[in-house]
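Residues: numbered from 1 along the sequence shown. Scope of the values below: all heavy atoms of this structure, side chains included, with no hydrogens, waters or symmetry mates. No experiment lies behind these values; they were computed from the predicted model shown.
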Amino acid sequence: MLNQDLIVIGLLAFIAGLILFRLYSTFGRRTGAEPPPAPARAGSPAGDLPRFGAQPAPAQGPVPANPAGEGVMAILRADPSFDMDKFVKGARAAYERILNAFAKGDRETLQPLLTPRVFETFAKAIAEREQKGEPGPELVRLRRAEVTDAALEGQMARIGVKFEAELAHGPEGVRDGLEKWTFERDVRSADPNWKLARVSAA
């Protein structure tokens, strides 16, 4: 009886050892299909992985926040007082003021806001409209103003702005207006105001 018990205990011990050996073989060693550990990133401890919500690494040098990047940086170097946010606000205000003055035929208001060539074009359009007795386009709503390009040519800075608006054209009713206005300013001038130098389809 004792010998049988010993045989049973020995058999169970053998089975247990075999099971432990199989488990170790399966989980305790790497297999060929297992990917190698990710290498540590330079300047960070091993295993330091990106976390959700982590702040991005700081950019190297100034990064322009608009699509006219290089042109804006050139303007900033020539005129460190230039402020893009103020420019966009001023461009929106100029768009509304110029359109309203054009609709009323107010040449006196228009002249200081436009370059001489553009003023001449506007004045001619107003005169033709007045002869026909037609109303000018009235601004209903300015939906969007977006800087599209910028450049510095010599001392003359130029910035293009795309305007999306709703305009009322008399009996024709309200229509969408989509135009690109280019403003310019001599960076050497003490006058901080920009003038409308060109109007084109956007």
Side-chain angles (χ1 to χ4, degrees), residues 56-126 128-129 135-170 172-202:
Q60 300 298 321
V63 178
N66 59 78
E70 293 184 6
V72 171
M73 296 304 294
I75 294 172
L76 274 170
R77 287 192 291 269
D79 180 10
S81 66
F82 175 73
D83 186 307
M84 178 58 78
D85 290 336
K86 289 183 179 179
F87 170 82
V88 174
K89 291 178 182 178
R92 292 177 65 97
Y95 180 83
E96 296 180 5
R97 189 175 181 187
I98 290 171
L99 270 183
N100 289 334
F102 178 71
K104 298 175 182 177
D106 186 352
R107 298 168 177 80
E108 185 177 351
T109 297
L110 286 173
Q111 191 163 14
L113 301 174
L114 315 176
T115 61
R117 181 174 60 85
V118 175
F119 175 75
E120 182 180 347
T121 301
F122 273 48
K124 182 179 179 181
I126 290 172
E128 292 177 354
R129 191 184 69 215
E138 295 183 7
L139 177 64
V140 176
R141 181 167 68 100
L142 174 56
R143 289 200 298 258
R144 186 180 182 187
E146 178 185 10
V147 172
T148 60
D149 55 88
L152 180 66
E153 299 177 6
Q155 299 299 322
M156 188 63 70
R158 293 186 176 90
I159 300 180
V161 182
K162 181 173 71 176
F163 292 100
E164 297 179 16
E166 294 176 6
L167 304 175
H169 291 262
E172 298 178 12
V174 177
R175 296 188 301 177
D176 290 337
L178 183 59
E179 293 179 330
K180 174 187 171 183
W181 287 21
T182 300
F183 297 90
E184 69 178 26
R185 174 180 175 268
D186 187 335
V187 294
R188 298 170 300 181
S189 174
D191 184 358
N193 295 316
W194 293 69
K195 293 187 176 184
L196 177 61
R198 185 182 180 187
V199 177
S200 59

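- Under the rule for a salt bridge (charged side-chain N to carboxylate O under 4.0 Å, His left out), Lys86 has no partner lying at least two apart in sequence or in another chain.
- Applying the ring-ring contact (aromatic ring centres under 6.0 Å, His included) test to pairs two or more places apart or on separate chains, none has a residue in residues 138-159.
- Nearest heavy atoms, Phe82 versus Leu76: O-CD2, 3.3 Å.
- For the atom pair CD (Glu146) and NZ (Lys180), the distance works out to 11.5 Å, reported to the nearest 0.5 Å.
- Remark: Asp176 engages Arg143 in a salt bridge (charged side-chain N to carboxylate O under 4.0 Å, His left out) (not counting sequence neighbours).
- For Asp106, the side-chain hydrogen bond (donor to acceptor under 3.5 Å, both in side chains) partners are Thr109, not counting sequence neighbours.
- Checked against salt bridge (charged side-chain N to carboxylate O under 4.0 Å, His left out), Arg97 has no partners two or more places apart in sequence or in another chain.
- Screening residues 152-165 for side-chain hydrogen bond (donor to acceptor under 3.5 Å, both in side chains) gives Glu153-Arg158, Arg158-Glu184 as the qualifying pairs, with residues at least two apart or on separate chains.
- Considering every non-hydrogen atom in both Phe119 and Leu114, the closest pair reads CA-CD1, 3.7 Å.
- The side-chain heavy atoms of Asn100 and Leu139, taken from C-beta on, include a pair separated by under 4.5 Å.
- Shown here are the side-chain hydrogen bond (donor to acceptor under 3.5 Å, both in side chains) partners of Thr115, two or more places apart in sequence or in another chain: there are none.
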**Message:** Please evaluate residues Leu167 and Leu99 with respect to the criterion side chain to side chain contact (heavy atoms under 4.5 Å, CB included), reporting the C-alpha separation (whole Å), side-chain torsions for both, the decisive distance (0.1 Å), and the verdict.
**Reply:** CA-CA 10 Å; Leu167 304 175; Leu99 270 183; 3.7 Å; yes

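- Applying the salt bridge (charged side-chain N to carboxylate O under 4.0 Å, His left out) test to Arg141 and every residue at least two apart in sequence or in another chain returns Glu166.
- Annotation for Pro137 and Ala103: closest pair O-CB, 3.2 Å, computed over non-hydrogen atoms.
- The distance from atom CG of Leu142 to atom CZ of Arg92, rounded to the nearest 0.5 Å, is 4.5 Å.
- Atom CD of Glu120 has 12 or fewer heavy atoms from other residues, nucleotides or ligands within 6.0 Å.
- Residues satisfying the side-chain contact (heavy atoms from CB on, under 4.5 Å) criterion with Ala78, sequence neighbours excluded, are Leu152, Val187.
- If you run side-chain contact (heavy atoms from CB on, under 4.5 Å) between Ile159 and each of Val88, Val72, Ile75, Thr148, only Ile75 comes through.
- Every residue two or more places apart in sequence or in another chain that forms a side-chain contact (heavy atoms from CB on, under 4.5 Å) with Ile126 is listed here: Phe102, Arg107, Leu110, Arg129, Glu130.
- Within the structure, ring-ring contact (aromatic ring centres under 6.0 Å, His included) pairs that include any residue of residues 137-168 comprise Tyr95-Phe163, Phe163-Trp181 (at least two apart or interchain).
- Residue pairs meeting the side-chain hydrogen bond (donor to acceptor under 3.5 Å, both in side chains) criterion with at least one partner in residues 188-202, sequence neighbours excluded, are Asp186-Arg188, Asp191-Asn193.
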